Chemist: 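Structure provided below as structure tokens; questions to follow.
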Amino acid sequence: MYDFAYQKPSSLADAVKALSADPEAKALAGGMTLIPVLKQRLNKPTVVVDLAKLGLVGVSVSGNTVTISGMTTHGAVAGDAGLKGKIPSLTELASHIGDEAVRHRGTIGGSLANNDPAADYPAAALALGATIKTDRRSIKADDFFQGMFATALEQGELITAVEFPAPEKGAYEKFRNPASRYAIVGVYVAKTAGRVRVAVTGAGQNGVFRHTAMEQALSANFAPDAIAGIATPPDGMNSDIHASAEYRAHLVGVMAKRAVARAY
Amino acid sequence: MPQVTLTVNGKQHTVEVENRTLLVELLREKLGLTGTHVGCDTSQCGACVVHVDGVSAKSCTMLALQADGTSVLTIEGLAAADGALHPMQEMFREHHALQCGFCTPGMVMSAIDLVNSHPQGLTEKQIREGLEGNLCRCTGYHNIVKAIAAAWPLMHGRAAAAE
Ligand SMILES: Cc1cc2nc3c(=O)[nH]c(=O)nc-3n(C[C@H](O)[C@H](O)[C@H](O)COP(=O)(O)OP(=O)(O)OC[C@H]3O[C@@H](n4cnc5c(N)ncnc54)[C@H](O)[C@@H]3O)c2cc1C
Ligand code: FES
Ligand code: FES
């Protein structure tokens, strides 16, 4: 690992300042992505700004909206009883990210900011129509994800919280890589009054995307049969040693049908 | 050089580190606690698992500086002062849950966290899922699962027969 300067500010303003002053500065949340990247020398930050003292931790439920602070770990999301009562498909998703030790440290803000094309939370944010709150603005999930590892965040901009409206029902089905536990294909289906959103992760070369053909069919009839005839074209799908583009395209249909059948 | 003050196995240490020093490097190289192993470069194998403030963490994927002010428990901190093994260590021995032993320190630390966090009971499925972050190249896992199931009643003060 290359060496770097290290700061652990105790206010959000100081963290934003440190990160904005230097384009090579990097925020550190749970470190479950950043530290492996540093170990492989794939990134060479000048300054690592540790967010641990900002206190951005916790889940709160207000009416039909759940707010998860940016530094809340996957384990804390998975175990939150209030959230489970509102959006059980989201606590379930968090409980299958990585493994126990990863869930003890990895955070929702880090996962969304990283926007790994095989990560789980981006599918939840897009399907549920979440709003990403930062130190300076609110960004709709539809505008937030901008391709593989790319987001709408500016240099130094930090995710402080994520707001999720509770759906009538939803489910996330992940066909996971047995070694890394990331999604080879994951589909999150969320049904709210009169409309359905379907978000697909793991499959697309540009990261998470909405499956509009399936959304239309499911909005008319929320049943697995409604999407049985909808083929997903393999163009633009990832192809690697784990799965070909054709196989991923096929899995999108299978995972979507399972998610609709299991939505709760 | 930056300094880290932390408690390891009940004893407080102040250690000089580089910003990039990993927690596992602090434990092995600065404190000589070589029971915690490094088995991979990708945060996947779990050989390096220790407890940080009571919960399992991969010490190869934490900066030493992130552990400042925390309390860390490693495999060396489990046995009693008179050498009596922790019930989990005892059950690993009894059920032949190790062969080469390389994965064992991380397995035992993850297993203890798993038992601690499931006071209501622990099914075989939960044990297998709970070990997803720990890889073993020797045992085939069956005996590890048996050892953990056997340690649960001991750690929660229940007689095994009551299960
Ligand atoms: C073995 C293993 C298995 C995994 N399996 C899965 C899986 O199955 N599914 C899955 O989705 N993920 C998986 N992950 C990734 C894991 O979920 C990470 O926790 C997550 O991707 C990054 O979160 P973090 O808090 O660790 O962020 P870090 O690694 O600390 O940071 C990641 C990036 O986000 C930036 N960042 C962090 N916090 C913020 C913030 N609040 N605002 C703005 N930018 C920020 C950092 O600067 C950095 O660029 C796995 C990781 C490991 C090591
Ligand atoms: S050495 Fe830490 S996970 Fe492999
Ligand atoms: S006993 Fe050899 S790796 Fe597990």
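This one's a predicted model, so the numbers in the text were calculated from it and none came from an experiment.
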Chemist: Looking at CG of A/Asp99 and CG of B/Leu131, how far apart are the two atoms once the value is rounded to the nearest 0.5 Å?
Modeler: 10.0 Å
Chemist: Tell me the closest heavy-atom pair linking A/Ala101 and B/Lys58, and the distance in Å.
Modeler: CB-CG, 3.8 Å
Chemist: Could you check whether atom NE2 of B/His142 has more than 12 heavy atoms from other residues, nucleotides or ligands sitting under 6.0 Å from it?
Modeler: no
Chemist: Is the closest side-chain heavy-atom distance between A/Met32 and B/Ser43 below 4.5 Å?
Modeler: no
Chemist: What part of A/Leu34 gets within 4.5 angstrom of chain B, counting heavy atoms only: side chain, backbone, both, or neither?
Modeler: neither
Chemist: Among B/Met62, B/Glu18, B/Gln44, who wins on heavy-atom pairs under 4.5 Å with chain A?
Modeler: B/Met62
Chemist: With a 3.5 Å distance limit and no angle check, can you tell me whether A/Lys39 reaches the backbone of B/Cys60 through a side-chain donor-acceptor pair?
Modeler: yes
Chemist: Scan B/Asp113, B/Val52, B/Asp53 and name whichever one has a side-chain contact (heavy atoms from CB on, under 4.5 Å) with A/His104.
Modeler: B/Asp113
Chemist: Under 4.5 Å heavy-atom distance to chain B, tell me which part of A/Asp3 shows up: side chain, backbone, both or neither.
Modeler: both
Chemist: Flag yes if more than 12 heavy atoms outside B/Arg128 fall under 6.0 Å of its CZ atom; otherwise flag no.
Modeler: yes
Chemist: Does A/Lys8 pair with B/Asp68 as a salt bridge, N-O distance under 4.0 Å?
Modeler: no
Chemist: Please name the pair of heavy atoms, one in A/Phe4 and one in B/Asn19, separated by the smallest distance, quoted to 0.1 Å.
Modeler: O-ND2, 2.8 Å
Chemist: In terms of heavy-atom proximity below 4.5 Å to chain A, should B/Leu22 be classed as side chain, backbone, both, or neither?
Modeler: side chain
Chemist: Got more than 12 heavy atoms from elsewhere within 6.0 Å of CZ, B/Arg20?
Modeler: yes
Chemist: Rounded to the nearest 0.5 Å, how far apart are CG of A/Asp50 and CD of B/Gln66?
Modeler: 5.0 Å
Chemist: Using side-chain heavy atoms (C-beta onward) and a distance below 4.5 Å, is B/Leu63 in contact with A/Ile35?
Modeler: yes
Chemist: Distance check, rounded to the nearest 0.5 Å: A/Glu100 atom CD versus B/Glu132 atom CD?
Modeler: 9.0 Å
